[in-house]
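Note that the coordinates shown come from a computational prediction; the quantities given were computed from them, not determined experimentally.
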Amino acid sequence: MHGTRILDEADRLMTVCNSCRYCEGLCAVFPAMEMRRAFSDGDLNYLANLCHACGACYVDCQFSPPHEFNVNVPKTLAVARAESYAAYAWPRPLSGAFARNGLVISITAALSMAIFILGFAALNDRGVLFGVHTGPGAFYKLMPHNAMVALFGAAFLYAILALVMSVRAFWRDIGTPIGGRADGGSIFQAIRDAGELRYLHGGGVGCYNEDDKPTDRRKLYHHLTFYGFLLCFAATSVATLYHYLLGREAPYPWWDLPVVLGTLGGIGLIVGPIGLFAARLRRDPALLDEYSYGMDVGFIAMLFLTGLTGMLLLVLRETSAMGPLLALHLGAVFALFITMPYGKFVHGLYRFAALVRYAQERRTAA
């Protein structure tokens with residue numbers, strides 16, 4: 001018996017699949033499964049996070065519903081994957097907070113922070129809210145730089161701590177890779193596999209969505225979202241170096257590196273989440289975990305709002321709309337930070353850890 005009912009079901013399916021092995025060429029899950037004859041909770045959570053939910057095994061399987069064996073690997077592993085986010089979350093009391101209410105909690109947090117910033121500015125000088133501010137340091141008319149750094153730095157550091165503790169618990173539970181510790185080669189291979197979304201291809205034909213015609217749309221939207229996020233993070237990092245090393249204060253001209261990186265990232269964070277949300281609406285319900293809808297959509301919404309408010313702020317930063325837009329943008333960023341450890345963001349970290357383990361197992365087997 002396993003820790004949860006869904007892990008019992010995942011064990012049953014992996015036992016059936018281990019006997020059949022028809023899908024072994026589709027992705028990493030089935031070769032990893034074949035290295036085992038029995039499955040611990042950690043093994044099943046490892047396989048669940050190794051799954052990229054392309055849906056190919058469901059379409060190809062001769063035992064999928066309405067067959068009496070009722071083999072639905074994508075949905076079962078999707079449920080197990082969502083439960084693993086809560087199982088390894090730190091601190092544990094917050095583990096289930098975002099499963100059903102992720103969107104409501106995220107929007108509430110974003111609006112609350114935006115209202116706080118607007119109220120903070122109004123208490124000091126009401127004219128600041130809708131005034132026109134230009135030149136270096138214009139953003140800090142709304143909130144002093146040190147106060148902004150203290151508030152968002154604390155939220156960011158908390159998110160990093162919670163994520164590190166969660167991934168540490170996940171890595172310990174899935175066990176040391178067969179053959180010893182992960183080495184540089186396996187980590188590099190996992191970086192390549194994650195960066196290319198290598199296993200989101202259904203064996204090379206694409207991802208299955210609303211019908212039996214695979215496409216690469218979800219892969220494209222994932223890339224836009226992922227690299228858009230990285231570009232925005234790079235823009236923030238460069239701006240931090242500008243401020244503390246060069247003494248240059250934001251906002252910067254449109255041609256400067258932080259603005260160029262942020263603009264490209266913002267476009268990715270607008271187009272990518274829209275595409276992911278539309279793809280989720282169109283996907284076959286048989287492949288989805290309905291329970292995690294709020295968590296999934298909440299994360300997509302925060303990424304979209306971060307990108308949208310950032311782009312609007314860039315366009316309208318020399319108008320009277322700058323104050324409210326900056327407050328909304330900072331509110332979205334704050335909500336994204338504090339919900340990261342408990343929402344869909346962790347799937348990227350758990351999946352990367354699973355890919356590292358799989359790469360090590362393959363190298364050992366070879």
Side-chain angles (χ1 to χ4, degrees), residues 45 49 81-114 116-117 148-171 194 221-237 240 262 265-266 268-270 272-273 276-277 280 289 292-310 328-355:
N45 284 324
N49 283 279
R81 193 161 52 246
E83 289 189 359
S84 74
Y85 305 156
Y88 301 114
W90 183 90
R92 288 297 298 274
L94 297 177
S95 60
F98 297 89
R100 283 189 178 272
N101 304 308
L103 179 60
V104 174
I105 292 174
S106 299
I107 295 295
T108 301
L111 291 177
S112 298
M113 178 51 62
F116 170 79
I117 293 173
M148 195 179 295
V149 169
L151 184 62
F152 288 87
F156 179 72
L157 290 176
Y158 171 78
I160 294 298
L161 174 62
L163 289 170
V164 168
M165 297 298 290
S166 299
V167 174
R168 178 172 173 263
F170 173 70
W171 182 256
Y221 297 140
H222 272 91
H223 277 312
L224 286 170
T225 303
F226 176 67
Y227 289 108
F229 179 84
L230 287 185
L231 285 168
C232 288
F233 183 77
T236 303
S237 300
T240 301
L269 287 185
I270 292 174
L276 288 176
F277 180 68
R280 197 187 198 285
D289 170 25
S292 64
Y293 178 83
M295 177 176 61
D296 293 352
V297 175
F299 179 55
I300 291 173
M302 283 302 98
L303 290 173
F304 172 75
L305 286 176
T306 300
L308 179 63
T309 55
L328 286 173
H329 179 63
L330 293 177
V333 172
F334 180 84
L336 181 64
F337 282 171
I338 65 170
T339 58
M340 270 182 181
Y342 312 106
K344 193 63 179 288
F345 180 84
V346 299
H347 91 284
L349 301 179
Y350 288 7
R351 182 159 295 159
F352 178 74
L355 286 169

From L111 atom CG to S106 atom OG, the distance as rounded to the nearest 0.5 Å
11.0 Å

So, R351 side chain and N49 main chain: donor-acceptor pair closer than 3.5 Å or not?
yes

Strictly distance-based, threshold 3.5 Å: is any side-chain N or O of Y342 a donor or acceptor partner for the main-chain N or O of W90?
yes

How close do V346 and L163 get, heavy atom to heavy atom, and via which atoms?
CG1-CD2, 3.5 Å

Would you please indicate yes or no on a ring centroid separation below 6.0 angstrom for Y227 and H223?
yes

Can you find a heavy atom in the side chain of Y88 that is under 4.5 Å from one in the side chain of N45?
yes

A quick test of your reading: do over 12 heavy atoms of other residues, nucleotides or ligands sit less than 6.0 Å from OH of Y158?
yes

For G310 and H329, which heavy atoms make the closest approach, and how far apart are they?
N-ND1, 3.3 Å

Tightest non-hydrogen contact, residues A335 and A110, listed as CB-N, 3.6 Å

Quick one: closest heavy-atom pair of A89 and Y350, and the distance?
N-OH, 4.4 Å

What's the verdict on side chain to side chain contact (heavy atoms under 4.5 Å, CB included) for F299 and T339, showing C-alpha distance, side-chain angles and the deciding distance?
CA-CA 8 Å; F299 179 55; T339 58; 5.9 Å; no

Would you say L336 and M340 make side-chain contact, with heavy atoms under 4.5 Å?
yes

Is there a side-chain contact between F116 and S112 (heavy atoms, below 4.5 Å)?
no

Pairwise distance CD1(I107) to CE(M302) - rounded to 0.5 angstrom
3.5 Å

In this structure, CD1 of I270 is separated from CG of L305 (nearest 0.5 Å) by 10.0 Å

Please report the interatomic distance CG(L349) to OH(Y85), rounded to the nearest 0.5 Å.
10.0 Å

Closest heavy-atom pair, F334 versus A155, reported as atoms and distance to 0.1 Å, is CE1-CB, 3.7 Å

Establish, yes or no, whether a centroid distance under 6.0 Å links the rings of F229 and F345.
yes

dist L231:CG -> T236:OG1 (nearest 0.5 Å) comes out at 11.0 Å

Here the pair of heavy atoms bringing L269 nearest to G307 is CB-CA, 3.9 Å

Are any side-chain N or O atoms of S84 and backbone N or O atoms of R81, one a donor and one an acceptor, separated by less than 3.5 Å?
yes

Separation between CD1 (I160) and CZ (F337), nearest 0.5 Å, reads 8.0 Å

